[in-house]
Amino acid sequence: MIVSDRTSTGYSLPTLDAVQQITISPQIPSAVASIIPKTSRTAVAFSRPLVASPPNKAIVKGSMSFIACYGLSRPASDSPSSTFSKHDERYTFTFDFLTVNSGGGNSNNTTPGSDGGSIVKLQNYALIHGILMAVAWLFLPVFGIFIARFLKNVMGKAWYHAHLTIMFLSTLISLAGIILVILSAQPPYFSNLHQILGLIIGIDSILQTVLGFVSNRLFSPERESVPWWDMLHWWNGRVLVIAALVNVYIGMNNGGLESAYYIVYFVWIGISVAAFIAGQILFGQVHHVKNT
């Protein structure tokens with residue numbers, strides 16, 4: 001683990017300070033460990049003087065504003081003076097490092113203040129976002145697509161209402177997940193692969209919903225073949241779901257989730273593939289064309 005004391009202005013690469021005043025602590029204090037989110041995979045404690053040499057600001061009692069950033073690319077080397085690329089994620093929060101214990105009376109007896117909950121809140125937003133996207137793209141489309149592909153004859157006209165309800169709900173939940181990120185995070189909102197791909201998927205899900213309504217509006221029981229707009233709806237939906245599954249996986253990697261989440265992810269995909277193979281064998285793909 002390498003730490004360095006740097007100064008940053010604007011959007012320039014932070015420059016190494018002449019005096020290095022940050023050191024890694026051999027262990028995480030229990031008071032700090034108690035507020036670390038349980039979903040965290042890595043935790044590091046470091047220390048610096050309360051009043052450090054300029055240009056560092058002094059640590060004072062009360063809430064102070066901070067920026068936390070992380071990047072997915074390794075620095076150029078393991079040297080503290082190494083260059084590194086621009087961060088992929090950024091968060092702002094407030095924290096009180098010097099809240100004195102009410103019963104101690106000793107200014108050296110300190111614990112982190114309650115403002116540390118801001119960090120936990122960011123973790124909770126990320127968790128809610130992940131749950132929404134998993135429901136929207138990992139689970140709901142399996143049922144919506146299965147019904148549209150195999151159960152038209154079995155369900156009669158009810159297949160359309162079931163498919164519409166499930167996929168429309170998927171789109172709404174997906175958009176809610178995107179809005180949650182915008183409301184909880186700091187700009188720029190779409191600066192890495194996961195965010196950019198998520199935005200594209202969100203926009204395309206709206207277009208896919210519109211295309212579904214158009215296909216239904218143009219449906220004719222007298223048609224003798226499947227029109228191009230129906231096939232566009234099928235293939236756009238397939239690409240959309242595959243892209244979303246890939247993006248869910250990227251999001252899981254970015255969040256550093258435990259192995260149990262990956263097990264659920266791949267097991268569910270396996271179950272879904274098995275279900276579609278069974279549906280193809282038992283029902284086959286059903287097209288609504290004349291005399292079929």
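Note that the structure is a prediction, hence the values are computed from the model and not measured. Just so it is clear, the values below take in all heavy atoms, side chains as well, and ignore hydrogens, waters and symmetry mates. This chain uses plain numbering: 1 for the first residue, then up along the sequence.
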Donor-acceptor check, side chain of [X] to backbone of [Y], threshold 3.5 angstrom: yes or no?
X	Y	result
Thr165	Ala162	no
Gln20	Asp5	yes
Gln208	His233	yes
Asn192	His194	yes
Ser174	Gly202	no
His163	Ile147	no

Note to self: Could you measure the distance from the CD1 atom of Ile206 to the CG atom of Leu172? Nearest 0.5 Å is fine.
What the structure shows: 9.5 Å

Where [X] and [Y] come nearest, the two heavy atoms and their spacing:
X	Y	answer
Ala136	Ile173	CB-CG2, 3.8 Å
Ser77	Ser82	N-OG, 2.9 Å
Leu16	Pro80	CD1-O, 3.6 Å
Phe150	Gln280	CE2-OE1, 3.3 Å

Determine whether [X] and [Y] fall in the same hydrophobic cluster, where Ile, Leu, Val, Met, Phe, Trp and Tyr are linked whenever their side-chain heavy atoms lie under 4.5 Å apart.
X	Y	result
Leu169	Leu180	yes
Met133	Ile179	no
Val239	Leu211	no
Trp229	Val226	no
Val264	Trp137	no

Item checked: Plane angle bin for Trp268 and Phe143 - parallel if under 30°, tilted between 30 and 60°, otherwise perpendicular -> tilted

Check: Got a sec: does the CZ of Phe146 have more than 12 other heavy atoms crowding it under 6.0 Å?
Finding: yes

Do you see a donor-acceptor pair shorter than 3.5 Å between the side chains of [X] and [Y]?
X	Y	value
Ser81	Ser79	yes
Asn254	Tyr249	no
Thr209	Thr171	yes

Item checked: Intermediate values then yes/no, side chain to side chain contact (heavy atoms under 4.5 Å, CB included), Leu240 and Ser205 -> CA-CA 7 Å; Leu240 190 59; Ser205 67; 4.2 Å; yes

Note to self: Run the side chain to side chain contact (heavy atoms under 4.5 Å, CB included) test on Phe84 and Leu13 for me, step by step, so that the C-alpha distance in whole Å, both residues' side-chain angles and the decisive distance to 0.1 Å come before the verdict.
What the structure shows: CA-CA 8 Å; Phe84 50 86; Leu13 176 70; 3.8 Å; yes

Check: Do the non-hydrogen side-chain atoms of Arg6 and Ile22 ever get within less than 4.5 Å of each other?
Finding: no

Next item on the list: Please assess Ile250 against Asn247 for the test side chain to side chain contact (heavy atoms under 4.5 Å, CB included), listing each intermediate value before the final yes or no.
Entry: CA-CA 5 Å; Ile250 295 174; Asn247 208 35; 4.1 Å; yes

Next item on the list: Take His287 and Lys152, measure what side chain to side chain contact (heavy atoms under 4.5 Å, CB included) needs, and give me the verdict at the end.
Entry: CA-CA 8 Å; His287 301 302; Lys152 289 186 176 76; 5.8 Å; no

